[in-house]
Amino acid sequence: MTTTELLQRAAELFPDEVVTSAHVRHLDLPGQAGRFALITLDNGLDHTKPSTFGPASLARLSEALDQVEREAAAGGIVGVGVTGKPFIFAVGADLKGVEVLKERGDAVAIGRSGHEVFKRLAALPVPTFAFYNGAAMGGGVEIGLHCTYRTVSSGVPAFSLPECFLGLVPGWGGCTLLPNLIGPQKAIQVVIENSLSQNRQLKGAQVYELGIADALFEPADFLAQSLRWAASVLTGETVVERPEIDRGESWDQAVAHGRLIADSKVHGAAPAPYRALDIIAGAKDGDLQQGFDAEDEALADLMMSGELRSGLYAFNLVQKRAKRPVGAPDKSLARPVTKVGVVGAGLMASQLALLFARRLEVPVVLTDIDQERIDKGVGYVHGEIDKLLDKGRIGGDKANRLKALVTGSLDKGAAFGDADFVIEAVFEEMGVKQNVFAELEAVVSPEAVLATNTSSLSVTEMASKLQHPERVVGFHFFNPVAVLPLLEIVRGEKTDDASLATAFATARKLKKTAVLVKDAPAFVVNRVLTRFLGTVLGTIDEGTPIEVADRALEPLGLPMSPIVLLELVGPAVAHHVASTLHTAFPDRFGVSENLGRVVEAGKRSLYTWASGSQQVDPEVAALFQVGSTVLTEEQVRDRALDAIAEEIHLMLEEGVVAEAQDVDLCLITGAGWPFHLGGITPYLDREGVSQRVNGKPFLAPGVASVPA
């Protein structure tokens with residue numbers, strides 16, 4: 001099948017593609033270096049709608065290459081460059097089209113058509129240049145790899161091959177060309193490690209340092225500098241030298257190290273990184289066409305996989321649903337927030353104060369029971385600002401302004417009298433929080449929003465003794481605050497629309513993913529995690545060895561095992577939340593007496609590293625009183641998954657959130673659950689757990705699966 005036929009077949013599948021044009025213009029290079037053809041990739045929209053490559057876009061690029069190929073053959077041009085529209089180079093394949101694919105043959109056509117078009121750049125009879133002027137991802141990076149030379153702007157904010165993060169491989173040359181350009185070790189850093197580290201992005205300078213780009217220029221005159229540099233290359237004034245790639249044992253060692261990275265990130269649960277590593281391993285002999293063919297096959301297999309469909313579903317949740325929270329009131333009802341109060345000055349309160357100051361840039365005042373605690377909290381915030389300054393993340397003036405915004409006071413009336421938004425982050429006990437709110441109501445303005453960072457307690461009950469309960473809202477952050485994007489916004493029974501709208505507007509300014517949740521015990525993430533963790537602990541109490549129960553969930557590729565999660569949360573906190581949920585739902589949430597003993601003994605973990613390797617702490621083992629029922633890893637896993645499926649089903653019936661999609665969005669952004677699970681409900685559907693437990697799947701066919 002010819003390239004034209006491949007593109008026509010693919011275009012029939014994607015009728016709604018936003019087409020990226022490939023405009024050709026000609027210019028005379030400096031220093032009389034000759035006539036140059038510059039191709040600009042542009043979908044005609046602003047920088048908030050990045051250019052992508054669907055079949056019609058590839059066809060436009062192919063037409064542009066037809067033109068420059070003729071000109072080069074006729075001696076009319078000395079070189080060809082590719083660049084993008086302002087702020088954007090290109091961000092890869094149009095993933096909207098992938099979602100509708102039903103046949104493997106169509107997936108093969110997509111992969112092969114991209115290769116056939118991009119390969120034409122390398123086949124031109126004149127040198128080719130990629131000028132990475134802005135964000136470049138996936139196919140946007142790969143089109144440049146097919147060029148002879150590359151420049152990059154120091155202002156590029158995001159450069160990556162994110163495919164493994166989504167459940168694909170860099171399939172238009174990335175797995176084959178990148179290791180042949182910069183060596184397998186650096187290529188694996190970009191393709192595997194960065195991708196699986198929550199899609200970590202490279203900046204322009206890092207692209208140059210890795211050797212992906214041959215020259216680095218400032219953004220102000222990036223194109224002019226790039227053209228001047230290209231002219232010097234074409235005239236021989238500049239000679240690009242690249243290090244020779246070691247194709248010996250070090251190549252194999254790099255791939256082996258890559259497999260260790262993949263294992264540490266996904267534990268074998270997602271096929272994409274391992275397929276990418278297989279292709280990188282095969283690229284050792286430098287046979288590019290063999291590598292491209294392997295990319296086509298891997299792309300086709302993965303496009304038809306459940307993991308990819310879950311990954312695309314998760315990507316859409318984070319990119320789209322997160323920006324339009326379901327159930328949020330009209331944003332015009334939101335009141336301005338010009339000053340923030342934080343009750344408490346412990347670690348969580350201090351993290352909140354830092355976030356509010358950095359994002360809102362308004363005065364933030366902390367209070368606590370004594371001056372020493374207040375000074376420690378304010379000192380923490382100022383210290384973190386100093387760290388940002390030391391890292392070059394902010395300048396000196398900005399650091400001084402932020403520090404001046406964060407102060408402390410023992411006098412709540414003086415501190416909060418003119419605050420528009422006050423959040424408490426005190427001990428997780430209902431009486432304590434009710435007393436705090438009573439004190440606040442006596443000193444704040446009539447319209448000030450009172451927010452609670454409670455992780456499990458009833459917002460309605462917390463507000464029940466106030467004269468104005470309508471202004472109380474749950475505002476539950478996840479730890480660490482600076483890392484996890486989720487913010488569960490809880491509407492109490494009497495919370496009014498204005499307070500809720502203010503909470504959502506504030507969340508948006510804080511750059512958090514806000515999800516509206518009902519005032520139900522432990523809300524979403526903690527309820528799911530507590531049921532999950534409680535089920536695993538229950539199997540240990542019955543007699544299953546701790547190590548066996550802890551390994552049981554490895555095939556899911558979760559960010560951490562259940563016992564490591566317990567350590568992160570803290571046994572005391574986990575035990576407290578379990579007790580809260582046991583009170584609400586005694587038939588489903590148990591309270592582990594063994595965990596209670598761990599808390600009483602002051603233990604922070606069930607494991608110890610005293611011998612240099614992870615082992616069950618002998619002191620913890622001595623505390624445990626267990627039964628004689630020993631389950632296998634598979635039995636523990638089945639029990640945990642069944643419990644999660646049941647709990648999510650009940651939460652949806654209770655209306656804790658609007659849809660299963662909101663549960664998945666919460667688990668992805670609040671607990672770091674992976675894209676290849678789609679959060680969790682696509683995985684439960686795919687594995688038949690939803691049907692077994694609830695008699696039906698959570699999602700309709702095609703939502704996070706191959707369409708029927």
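Since we're looking at a predicted model, the values are computed, not measured.
Within a 6.0 Å radius of CD in Gln319, other residues, nucleotides and ligands contribute more than 12 heavy atoms. Sparse packing is recorded around CD of Glu372, with 12 or fewer heavy atoms of other residues, nucleotides or ligands lying under 6.0 Å away.
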Criterion side chain to side chain contact (heavy atoms under 4.5 Å, CB included) on Arg531 and Glu646, from CA distance to verdict: CA-CA 10 Å; Arg531 181 78 194 274; Glu646 180 188 33; 2.7 Å; yes

Verdict with supporting geometry, Ile680 and Asp664, side chain to side chain contact (heavy atoms under 4.5 Å, CB included): CA-CA 6 Å; Ile680 191 59; Asp664 291 322; 3.7 Å; yes

Arg637/Glu634 under salt bridge (Lys or Arg N to Asp or Glu O under 4.0 Å): CA gap, chis, key distance, verdict: CA-CA 5 Å; Arg637 181 165 60 253; Glu634 185 177 1; 5.2 Å; no

From CA spacing to verdict: side chain to side chain donor-acceptor pair (under 3.5 Å), Glu488, Asn526: CA-CA 11 Å; Glu488 290 177 334; Asn526 284 343; 5.8 Å; no

Stepwise salt bridge (Lys or Arg N to Asp or Glu O under 4.0 Å) test for Asp617 and Lys603: CA-CA 10 Å; Asp617 186 335; Lys603 289 288 185 180; 3.0 Å; yes

Evaluation steps, side chain to side chain donor-acceptor pair (under 3.5 Å), between Thr629 and Glu542: CA-CA 5 Å; Thr629 303; Glu542 290 175 17; 4.8 Å; no

Candidate pair Asp330 and Ser332, rule side chain to side chain donor-acceptor pair (under 3.5 Å), full reasoning: CA-CA 5 Å; Asp330 191 309; Ser332 66; 2.8 Å; yes

Residues Glu633, Arg551; criterion salt bridge (Lys or Arg N to Asp or Glu O under 4.0 Å); working and verdict: CA-CA 7 Å; Glu633 291 178 24; Arg551 285 196 305 266; 2.8 Å; yes

Test side chain to side chain contact (heavy atoms under 4.5 Å, CB included) applied to His649 and Leu652, step by step: CA-CA 5 Å; His649 174 70; Leu652 293 172; 5.9 Å; no

Side chain to side chain donor-acceptor pair (under 3.5 Å) evaluation trace for Thr460 with Lys494: CA-CA 7 Å; Thr460 300; Lys494 296 189 177 180; over 6 Å; no

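A salt bridge links Lys339 with Asp418: the closest approach of a Lys/Arg side-chain nitrogen to an acidic carboxylate oxygen falls below 4.0 angstrom. Using a 4.0 Å cut-off between a side-chain N of Lys or Arg and a carboxylate O of Asp or Glu, Arg321 and Asp662 qualify as a salt bridge. With respect to Glu439 and Lys412, a salt bridge is recorded, a charged nitrogen being found less than 4.0 Å from a carboxylate O. Classification of Arg692 and Glu687 as a salt-bridged pair fails, no side-chain N sitting under 4.0 Å from a carboxylate O. With salt bridges taken as basic N to acidic carboxylate O contacts below 4.0 Å, none links Asp642 and Arg639. With respect to Glu593 and Arg597, a salt bridge is recorded, a charged nitrogen being found less than 4.0 Å from a carboxylate O. Salt bridge annotation for Lys433-Glu428: present, with a cationic side-chain nitrogen under 4.0 angstrom from a carboxylate oxygen.
Inter-residue side-chain proximity for Leu510 and Phe477 is flagged as met; some heavy-atom pair is nearer than 4.5 Å. You'll find the side chain of Glu447 stays beyond 4.5 Å of the side chain of Arg471, heavy atoms only. At a threshold of 4.5 Å between non-hydrogen side-chain atoms, the residues Arg527 and Ser456 do not count as touching. Between Leu366 and Val378, some side-chain heavy-atom pair lies under the 4.5 Å cut-off. Side-chain contact between Val459 and Val472: present, with at least one pair of heavy atoms (C-beta onward) separated by less than 4.5 Å. At least one side-chain heavy atom of Phe523 sits less than 4.5 Å from a side-chain heavy atom of Thr454. Residues Ser458 and Pro521 are not in side-chain contact: their nearest non-hydrogen atoms beyond the backbone lie 4.5 Å or more apart. Contact of the Val340 side chain with the Leu360 side chain is registered, since non-hydrogen atoms from C-beta on lie closer than 4.5 Å.
A donor-acceptor pair is defined here as one N or O able to donate and one able to accept, closer than 3.5 Å; such a pair exists between the side chain of Ser305 and the backbone of Leu308. Listed for the Asp411 side chain is a donor-acceptor partner under 3.5 Å among the backbone atoms of Gly413. When atom types are taken as modelled, the side chain of Ser690 and the backbone of Asp685 share a donor-acceptor pair closer than 3.5 angstrom. Side-chain N or O atoms of Gln434 include one that pairs as donor or acceptor with a backbone N or O of Glu461 at under 3.5 Å. Of the possible polar contacts, one joining the Asn594 side chain to the Gln625 backbone as a donor-acceptor pair under 3.5 Å is found. Side chain of Asn199 to main chain of Ser195: no donor-acceptor pair is present (N/O by atom type, distance under 3.5 Å, no hydrogens or angles). A donor-acceptor pair is defined here as one N or O able to donate and one able to accept, closer than 3.5 Å; such a pair exists between the side chain of His676 and the backbone of Leu556. Counting only distance, with no hydrogens or angles, the side chain of Asn435 and the backbone of Gly431 share a donor-acceptor pair below 3.5 Å. Remark: side-chain polar atoms of Glu307 are not paired, donor with acceptor, to backbone N or O of Gly167 under 3.5 angstrom.
In this structure, Phe427 and His576 have tilted ring planes: the angle between them lies in the 30° to 60° band.
Residues Leu558 and Pro674 approach most closely at CD2-CD, 4.2 Å, considering heavy atoms. The minimum heavy-atom distance linking Met348 with Ala425 is given by the pair CG-CB, 4.4 Å. Closest approach of Leu317 and Leu665 over heavy atoms only: O-CD1, 3.8 Å. Here the closest non-hydrogen pair linking Ala463 and Pro469 is O-CB, 3.4 Å. Across all their heavy atoms, Val381 and Ser350 have their closest contact at CG2-O, 3.5 Å. Across Gly557 and His267, no two heavy atoms sit closer than the pair CA-CD2, 3.6 Å.
Side chains of Glu424 and Thr452: a donor-acceptor N/O pair is present below 3.5 angstrom, by distance only.
The CD1 atom of Ile374 lies 6.0 Å from the CG atom of Asp368; values are rounded to the nearest 0.5 Å. Atom OG of Ser499 is separated from atom CZ of Phe504 by 12.5 Å, given to the nearest 0.5 angstrom. Interatomic distance, Phe416 CZ to Ser445 OG, rounded to the nearest 0.5 Å: 12.5 Å. Annotation: the span from Leu355 atom CG to Lys509 atom NZ amounts to 13.5 Å, rounded to 0.5 Å. We find the OG1-CG distance between Thr544 and Leu631 to be 3.5 Å, quoted to the nearest 0.5 Å. The CG atom of Leu486 sits 8.5 Å away from the NE2 atom of His476 when rounded to the nearest 0.5 Å.
Aromatic rings of Phe421 and Phe475 (six-membered ring for Trp) have centroids within the 6.0 Å cut-off, being under it.
When each of Asp519, Asp497, Asp496 is tested with Arg491 by the rule salt bridge (Lys or Arg N to Asp or Glu O under 4.0 Å), just one qualifies, namely Asp497.
Taking the centre and axis of the six-membered ring of Tyr683, the NZ or CZ atom of Arg686 falls outside the cone set by 45° and 6.0 Å.
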